Amino acid sequence: MAAPWLGTPGLQLWSMSSRPGRLFTPGSRSFCSSATSSRPLNAQRLAERLRAQKQEQKAKEVRVPTNPVQRRVQELVRFTQQLQRVHPNVLAKELSRRILHQDNDLVVINKPYGLPVHGGPGVQLCISDVLPILAKMLHGHKAEPLHLCHRLDKETTGVMVLAWEKDMAHQVQELFRTRQVEKKYWAITVRVPLPSAGVVDIPIKEKEVQGHQQHHKMTLSPSYRLDNGKMVKVRASRDAHVAVTQYQVLSSTPSSALVELQPVTGIKHQLRVHLSFGLDCPILGDHKYSDWNRLAPQKLSAGTLKKLGLQQSKARYIPLHLHARQLTLPALGSRTEELLLTCKLPHFFVRSLLRLGLDVPNQDQSRGSEARHVEAQ
């Protein structure tokens, strides 16, 4: 396609691209100093200027912060965005590298941070989109798509179970529904739960939060309330769901803790709600449930921010520190013994433990004869 005429009659530039307007962008500086320039630009000089402009723009976008923690957070955010923007084949290849266990019935993966399981508003790519591609990578081009057996939140990392057959997926889903799957999560909390071990048995329901920015959150719907110092049973809400979480502090400092959580039930955002609103110890990086009244970056103490090497203005970059550490599946299908699946902590989780002064438990303490371990990326 012929480019627009430049000042000198008879001189015409041809674009090397088939797309119109490639050589000239609105708002850019004119390539000629004036309409009467006596020295018109040739195609080579135009291309050189374009390359220089692109390099300058790229240098502005890739400014690496000097603070090492901020740099790691920036890398994590960039990696999360890349997972959303890559070609489905690339994402499927990444998931294939994260396989913890594979047999004739199941494929178990280590779910990465920031990757949604299902599609929705603003979701460009999710795990369910690439299950057909992943199946073909593992079993050839004639393989049927894998099936989801359960789900994890977008920000949660760790063990996730897929099934080759739809019937098997339904059987595993029934095991989850009837509470026959033992689940263990690890979380870093802001403040330390008291007592150090116990059970939170408080129903949960979804409720609209009134205020400057209306939104919905899961919240506690307790069966009892205090009335003049006495415990009084209240009428149960028909929208409330029974929610039970067993917890134990594995390591603690005066301002934070590593907590092991065993959800008995599987209500949406149950662990986050029980920790934040039930024990007043929100999960580090939980920007939704750290404050009931608003949606804003998590407020952290000066001491915690100092240990993390961050300012409060950068706290919004802290990822949710919730990891699906372990699953124990009972015997099913061709398998005659229970299957113990343990997943190592992601790197950002381990770094936060070290910076906060929390002891890192032995990651092989739950090793089973049928469990495989991979390093989370």
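Note that these values count all heavy atoms, side chains included, but never hydrogens, waters or copies made by symmetry. Everything numeric here is computed off the predicted structure, so don't read it as measured data.
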Review point. For I133, which fellow cluster members are found when Ile, Leu, Val, Met, Phe, Trp and Tyr are connected by side-chain heavy-atom distances below 4.5 angstrom, either directly or through intermediates?
Key: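 Besides I133, the cluster holds M137.
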
Any side-chain donor paired with an acceptor under 3.5 Å for [X] and [Y]?
| X | Y | value |
| --- | --- | --- |
| Q270 | T245 | yes |
| T265 | H241 | no |
| N110 | T157 | no |

Practice item. With sequence neighbours excluded, tell me which residues meet side chain to side chain donor-acceptor pair (under 3.5 Å) with T328. Key: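 Testing T328 for side chain to side chain donor-acceptor pair (under 3.5 Å), a comparison that skips the adjacent residues, returns none.
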
Review point. When the aromatic ring centroids of Y185 and H323 are compared, is their separation below 6.0 Å?
Key: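 No, the ring centres sit 6.0 Å or more apart.
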
Any donor-acceptor pair under 3.5 Å linking the side chain of [X] with the backbone of [Y]?
| X | Y | result |
| --- | --- | --- |
| T189 | V192 | no |
| W292 | T219 | no |
| S290 | D286 | yes |
| K93 | P88 | no |
| H274 | V244 | no |

**Study point:** Min side-chain heavy-atom separation E155-L322 under 4.5 Å
**Key:**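 No. Closest side-chain heavy atoms not under 4.5 Å.
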
Point to revise | Residue pair D103 / H101, side-chain heavy-atom distance below 4.5 Å | key: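 Touching, per the 4.5 Å side-chain cut-off.
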
Practice item. Output, in order, the C-alpha distance, side-chain angles, deciding distance and verdict of salt bridge (charged side-chain N to carboxylate O under 4.0 Å, His left out) for R191 and D280. Key: CA-CA 8 Å; R191 297 183 289 277; D280 192 29; 3.2 Å; yes

**Study point:** For H147, all residues meeting side-chain contact (heavy atoms from CB on, under 4.5 Å), sequence neighbours excluded
**Key:**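 Counting only residues at least two positions away or on another chain, H147 forms a side-chain contact (heavy atoms from CB on, under 4.5 Å) with K166, A169.
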
Practice item. Anything under 30° is parallel, anything over 60° is perpendicular, the rest tilted; go ahead and classify H269 against Y289. Key: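 Rings of H269 and Y289: perpendicular, as their planes differ by over 60°.
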
Point to revise | Short N-O contact, D153 and R272, less than 4.0 angstrom | key: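 Counted as a salt bridge, because a side-chain N and a carboxylate O are separated by less than 4.0 Å.
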
Review point. Is a salt bridge present between D291 and K299, judged by a nitrogen-to-oxygen distance below 4.0 Å?
Key: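 No, no charged N to carboxylate O under 4.0 Å.
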
Practice item. Indicate, with yes or no, if I267 and V117 share a hydrophobic cluster defined by side-chain heavy-atom contacts under 4.5 Å among Ile, Leu, Val, Met, Phe, Trp and Tyr. Key: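 Result: yes, single cluster for both.
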
